[in-house]
Asks: 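First, the structure itself, so that you have it in front of you.
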Amino acid sequence: MTASGTIATPKVDAVTISVIANGLVAIAEEMGTALRNSAYSSAVREGDDFSTGLFDARGRLIAQGNFTPGHLGAMPYVLQHVLAYYPPEKLRKDDAIFLNDAGLGSGHFPDCYLVSPVHEGEVLIGFVASIAHHVDVGGAAPGSQLVQGVTEAFQEGIRVLPVRAVRDDAFDEEFLRLFLGNVRLPEIVRGDLHAQKSANHIGKVQLRQMYRHVGAATLAAAIEELLERSERFARDELRKLPAGCYRFTDHFDDAGPGTEPIRVSVAVTVGDGDIEFDFSDSSDQVGAAINAYLNYTRAYSFFAVKVFTNPNLPQNDGAIRAVKVTSRPGSFFNATFPAPSGGRATIQVRIFEAINGALAQAVPERAIAAFSHWSNPNIGGIDDRTGKPFIYYDLIMGGYGGTHHGDGAEAVAAVMNCANIPVEMHEITTPVRVHRLELIADSGGPGEFRGGCGLRKDVELLASAARVSLLSDRHKFQPYGLEGGGSGRLGETVLIRDGQEIALGSKEVHALKRGDIMSFRLSGAGGFGDPQKRSLDAIRRDVAEGYVTVEAVRHHYPQAARSARPDRS
């Protein structure tokens with residue numbers, strides 16, 4: 001105690017700081033484990049479409065679980081919005097605040113946050129937060145991610161600004177009645193809400209235990225030092241990038257059938273220990289549900305910083321101080337309400353790829369050629385077996401682009417930590433049959449290091465009728481290659497009906513009937529480096545493993561054809 005009566009700030013050694021920092025991350029990870037293990041939906045339980053985080057008593061982000069970047073990067077700003085509605089003095093022990101507003105959250109209504117204050121006695125010591133993608137929050141189509149035909153956010157489902165949803169450690173029944181009365185799968189959504197509450201409970205218990213173990217003063221001093229060190233670390237890493245302004249432009253196919261391509265343009269300015277991403281030169285926001293609110297743009301911009309500096313860069317309030325993300329209001333990457341955004345998940349890859357294309361000009365050895373674009377279809381209707389609504393929600397992942405040191409990986413989630421939902425789970429829980437799940441030969445871009453192959457998945461509807469909401473891209477603009485590498489093959493979405501193939505757009509809605517097969521065929525990823533420098537051993541391995549056909553080798557890799565000719569000397 002000092003002479004003035006305040007608690008003296010202790011000097012915390014590096015070992016203690018490290019133990020506390022890793023302990024905080026471990027708490028966030030255990031929250032995620034609890035959320036996954038108690039969730040009802042395949043999206044959360046198998047797909048890992050969730051995230052968790054911890055904040056100090058001042059509302060600063062101090063740790064996050066290693067989950068989805070789109071959620072994690074938005075989380076610091078979410079808590080600021082919560083505290084604007086509920087200042088700390090208005091929060092009671094065992095409260096929790098719920099919100100899913102696109103502009104205040106992570107960009108679309110299905111992503112629902114639950115924020116809980118953590119008290120030790122009467123002292124507020126911090127906050128814990130969980131977010132889960134809920135399989136339905138109402139709106140114009142099952143899954144609440146319809147792009148085509150939605151012109152304003154009010155059509156996308158129930159929108160909740162910050163509200164006290166948990167009182168005395170129990171969900172408010174009036175809140176549940178209001179919220180669940182607006183969704184198609186209320187029992188599944190209820191289950192996932194309780195899973196979030198359970199995750200927050202785990203976080204609260206463990207944060208209190210740490211507080212008691214190390215003491216208030218030591219914990220506060222360690223957090224302060226952790227944030228300051230994280231800021232210094234981030235700035236030091238950014239100084240390793242060549243200073244300058246780098247620009248890149250790409251395009252989305254469209255905002256639905258009959259619409260124009262959407263310009264994706266970024267200016268990346270690397271300064272002395274800081275970096276700015278300006279998306280202002282991109283298209284205006286569009287009258288379809290695919291716009292990005294600024295929180296979402298920030299999220300994947302910070303993810304790109306980690307990729308191009310150091311993957312061990314802490315994701316906390318200190319590190320993000322070195323990063324600025326801007327875009328003019330009303331632009332595609334800084335949409336203003338009531339711009340619709342339900343399908344904004346499909347743009348996350350392109351946010352990173354635009355930044356990647358810009359920074360490839362400065363540090364090509366750290367860059368990656370463009371990914372396959374993933375597909376996130378929702379098929380909804382009535383299950384004839386039960387008479388109840390169903391939603392088939394899927395995450396279909398393609399290949400990584402080539403890099404300066406290796407080929408792109410196959411069938412891996414790009415720029416997010418979501419996972420494949422097993423075929424067996426889809427077939428058990430929804431009226432579908434999966435006929436095919438395979439890599440597409442020759443789809444990856446050629447290069448010294450080739451791009452990963454696209455993925456094909458064929459899904460048959462076994463119900464009488466349903467609607468599919470498509471959410472993909474790269475049907476018109478190929479995934480780019482780098483340093484002389486070739487582009488990946490374009491993707492396709494095909495409806496197979498009565499043996500006939502019908503080409504569909506990447507973002508349309510279509511009525512289905514029993515026996516229809518939706519064939520999702522993802523684009524291939526871009527290649528890296530001159531294809532003529534690819535080794536013969538790698539080419540032979542590609543052919544043997546089915547990634548590349550002999551015909552494609554003859555076209556893209558003439559060195560292999562030359563080596564096969566007899567010596568005429």
Side-chain angles (χ1 to χ4, degrees), residues 60-61 69 72-74 76-77 225-251 263-282 292 294-329 331-334 347-371 400-406 414-415 449 480-485 526 528-529:
R60 299 177 300 178
L61 179 68
L72 299 176
Y77 309 98
E225 182 66 18
L226 170 65
L227 297 182
E228 290 179 6
R229 289 188 180 193
S230 296
E231 180 179 359
R232 291 197 299 271
F233 183 20
R235 295 190 186 281
D236 287 345
E237 290 294 322
L238 286 168
R239 289 188 180 98
K240 297 176 183 178
L241 298 177
C245 183
Y246 309 96
R247 299 177 182 273
F248 189 81
T249 297
D250 201 345
H251 294 84
R263 177 182 170 90
V264 179
S265 186
V266 66
V268 181
T269 303
V270 181
D272 181 16
D274 56 52
I275 192 167
E276 179 176 357
F277 304 99
D278 186 355
F279 289 85
S280 295
D281 200 33
S282 299
L294 190 58
N295 268 4
Y296 197 63
T297 309
R298 286 170 174 153
Y300 280 97
S301 297
F302 187 78
F303 169 80
V305 171
K306 294 187 70 167
V307 170
F308 277 90
T309 56
N310 190 318
N312 295 317
L313 184 68
Q315 192 146 321
N316 59 33
D317 182 83
I320 64 177
R321 295 169 189 166
V323 182
K324 182 179 181 180
V325 181
T326 61
S327 190
R328 57 187 169 81
S331 66
F332 185 79
F333 290 103
N334 186 12
I347 70 178
Q348 59 193 11
V349 173
R350 204 59 47 77
I351 295 173
F352 172 79
E353 286 179 338
I355 295 170
N356 176 75
L359 288 177
Q361 301 163 37
V363 281
E365 70 280 3
R366 299 189 188 183
I368 184 169
F371 301 99
Y400 269 44
T403 68
H404 81 291
H405 64 272
V415 308
F449 300 107
Y480 60 79
L482 288 177
E483 299 293 301
F528 192 103

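Sequential numbering from 1 along the given sequence is applied to the chain's residues.
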Asks: In the structure I gave you, are the side-chain heavy atoms of Phe279 and Leu294 within less than 4.5 Å of one another anywhere?
Replies: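 No, side chains not in contact.
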Asks: Ignoring hydrogens, what is the shortest heavy-atom contact between Ala322 and Gly273? Give both atom names and the distance.
Replies: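 In terms of heavy atoms, the two residues are closest at CB-O, 3.8 Å.
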Asks: Show the nearest heavy-atom pair for residues Gln348 and Tyr296, with the distance to one decimal.
Replies: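 Closest approach of Gln348 to Tyr296: OE1-OH, 2.7 Å.
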Asks: Testing the basics here: between Ala367 and Phe528, what is the closest heavy-atom pair and its distance to 0.1 Å?
Replies: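 For Ala367 versus Phe528, the nearest heavy atoms are O-CE1, 4.2 Å.
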Asks: Residues two or more places apart in sequence or in another chain: which of them pass side chain to side chain donor-acceptor pair (under 3.5 Å) with Glu276?
Replies: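 Here the qualifying residues are Thr326.
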Asks: State, with a plain yes or no, whether a side-chain heavy atom of Phe302 is found less than 4.5 Å away from one of Leu313.
Replies: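 Counting from C-beta outward, Phe302 and Leu313 do come under 4.5 Å.
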Asks: Quick check: do Phe233 and Thr309 have side-chain heavy atoms less than 4.5 Å from each other?
Replies: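 Sidechains of Thr309 and Phe233: no contact.
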Asks: Using a 4.5 Å cut-off on heavy atoms from C-beta on, say whether the side chain of Val305 contacts that of Leu238.
Replies: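 SC-SC contact between Leu238 and Val305 confirmed.
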Asks: Drop me the distance from Arg239's CZ to Asp274's CG, to the nearest 0.5 angstrom.
Replies: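 Arg239 atom CZ to Asp274 atom CG measures 8.5 Å (nearest 0.5 Å).
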Asks: Show the numbers, then the answer: is there a side chain to side chain contact (heavy atoms under 4.5 Å, CB included) between Leu241 and Val363?
Replies: CA-CA 7 Å; Leu241 298 177; Val363 281; 4.2 Å; yes
Asks: So do the side chains of Val264 and Ile347 get within less than 4.5 Å of each other, counting heavy atoms only?
Replies: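 In short, these two side chains do not touch, never coming nearer than 4.5 Å.
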Asks: Starting at OH of Tyr480, measure out to CG of Asp250 and round the result to the nearest 0.5 Å.
Replies: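 One gets 7.0 Å once the value is rounded to the nearest 0.5 Å.
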Asks: According to side chain to side chain donor-acceptor pair (under 3.5 Å), who are the partners of Glu483, at least two apart in sequence or on a separate chain?
Replies: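 Applying side chain to side chain donor-acceptor pair (under 3.5 Å) to Glu483 gives none.
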Asks: When you measure from the side chain of Asn356 to the backbone N and O of Ile368, does any donor-acceptor pair fall under 3.5 Å?
Replies: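 Checked: pair present.
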Asks: So, does Ser265 use its side chain to make a donor-acceptor pair with the main chain of Thr249 at under 3.5 Å?
Replies: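 Side chain of Ser265 to backbone of Thr249, a donor-acceptor pair under 3.5 Å: no, none is there.
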Asks: What are the two closest non-hydrogen atoms of Ala358 and Val268, and how far apart are they?
Replies: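 Looks like CB-CG2, 3.8 Å.
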Asks: CG/Leu227 to CZ/Arg321 distance, rounded to the nearest 0.5 angstrom?
Replies: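 Here the rounded value is 5.5 Å.
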Asks: Please tell me if the side chains of Pro242 and Val270 come closer than 4.5 Å, counting only heavy atoms from C-beta onward.
Replies: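 In short, these two side chains do not touch, never coming nearer than 4.5 Å.
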Asks: Please name all residues satisfying side chain to side chain donor-acceptor pair (under 3.5 Å) with Arg247, sequence neighbours left out, ordered by chain then number.
Replies: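 Here no residue qualifies.
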Asks: Is it the case that the ring center of Phe333 lies less than 6.0 angstrom away from the ring center of Phe277?
Replies: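 So the answer is no for these two rings.
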Asks: Between Leu482 and Ala369, what is the shortest heavy-atom contact and its length?
Replies: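 Leu482 and Ala369 have their closest heavy atoms at CD1-N, 3.8 Å.
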Asks: Backbone N or O of Ala319 within a donor-acceptor pair of the Asn316 side chain at under 3.5 Å?
Replies: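 Here the side-chain-to-backbone pair exists.
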Asks: If a pair satisfies salt bridge (Lys or Arg N to Asp or Glu O under 4.0 Å) and one of its residues is in residues 347-371, list it, with sequence neighbours excluded.
Replies: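 Listed by first then second residue: Arg350-Glu353, Arg350-Asp473, Glu353-Arg474.
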Asks: Let me confirm one number: the CZ-CD1 distance from Arg298 to Ile351, rounded to the nearest 0.5 Å.
Replies: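 Rounded to the nearest 0.5 Å, the CZ-CD1 separation comes out at 12.5 Å.
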Asks: Do the side chains of Arg232 and Glu225 get close enough for a salt bridge, i.e. N-O under 4.0 angstrom?
Replies: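 Counted as a salt bridge, because a side-chain N and a carboxylate O are separated by less than 4.0 Å.
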Asks: Just wondering, are more than 12 heavy atoms of other shown residues or ligands nearer than 6.0 Å to NZ in Lys306?
Replies: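 Yes - once you tally the heavy atoms of other residues, nucleotides and ligands closer than 6.0 Å, there are more than 12.
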Asks: Determine whether Ser327 and Thr297 make a side-chain contact, defined as any pair of heavy atoms from C-beta on separated by less than 4.5 Å.
Replies: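 No, every pair of side-chain atoms sits at 4.5 Å or beyond.
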Asks: Mind checking whether Arg328 and Asn334 have side chains closer than 4.5 Å, heavy atoms only?
Replies: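 Sidechains of Asn334 and Arg328: no contact.
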Asks: With no hydrogens and no angle check, is any side-chain donor or acceptor of Ser230 less than 3.5 Å from a backbone partner on Gly318?
Replies: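 Pair absent, no side-chain N/O of Ser230 close to backbone of Gly318.
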Asks: Going by the rule ring-ring contact (aromatic ring centres under 6.0 Å, His included), which residues pair with His404 if we only count those two or more places apart in sequence or in a different chain?
Replies: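 Residues passing ring-ring contact (aromatic ring centres under 6.0 Å, His included) with His404: none at all.
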Asks: To the nearest 0.5 Å, tell me how far Leu359 CG sits from Phe308 CZ.
Replies: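 The distance works out to 5.0 Å.
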Asks: Can you name the residues that form a side chain to side chain donor-acceptor pair (under 3.5 Å) with Lys240, not counting sequence neighbours?
Replies: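 Lys240 satisfies side chain to side chain donor-acceptor pair (under 3.5 Å) with Glu237 once adjacent residues are dropped.
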Asks: Within this structure, what is the OH-CZ distance for the pair Tyr300 and Phe352, rounded to the nearest 0.5 Å?
Replies: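 Taking OH in Tyr300 and CZ in Phe352, the distance rounds to 11.0 Å.
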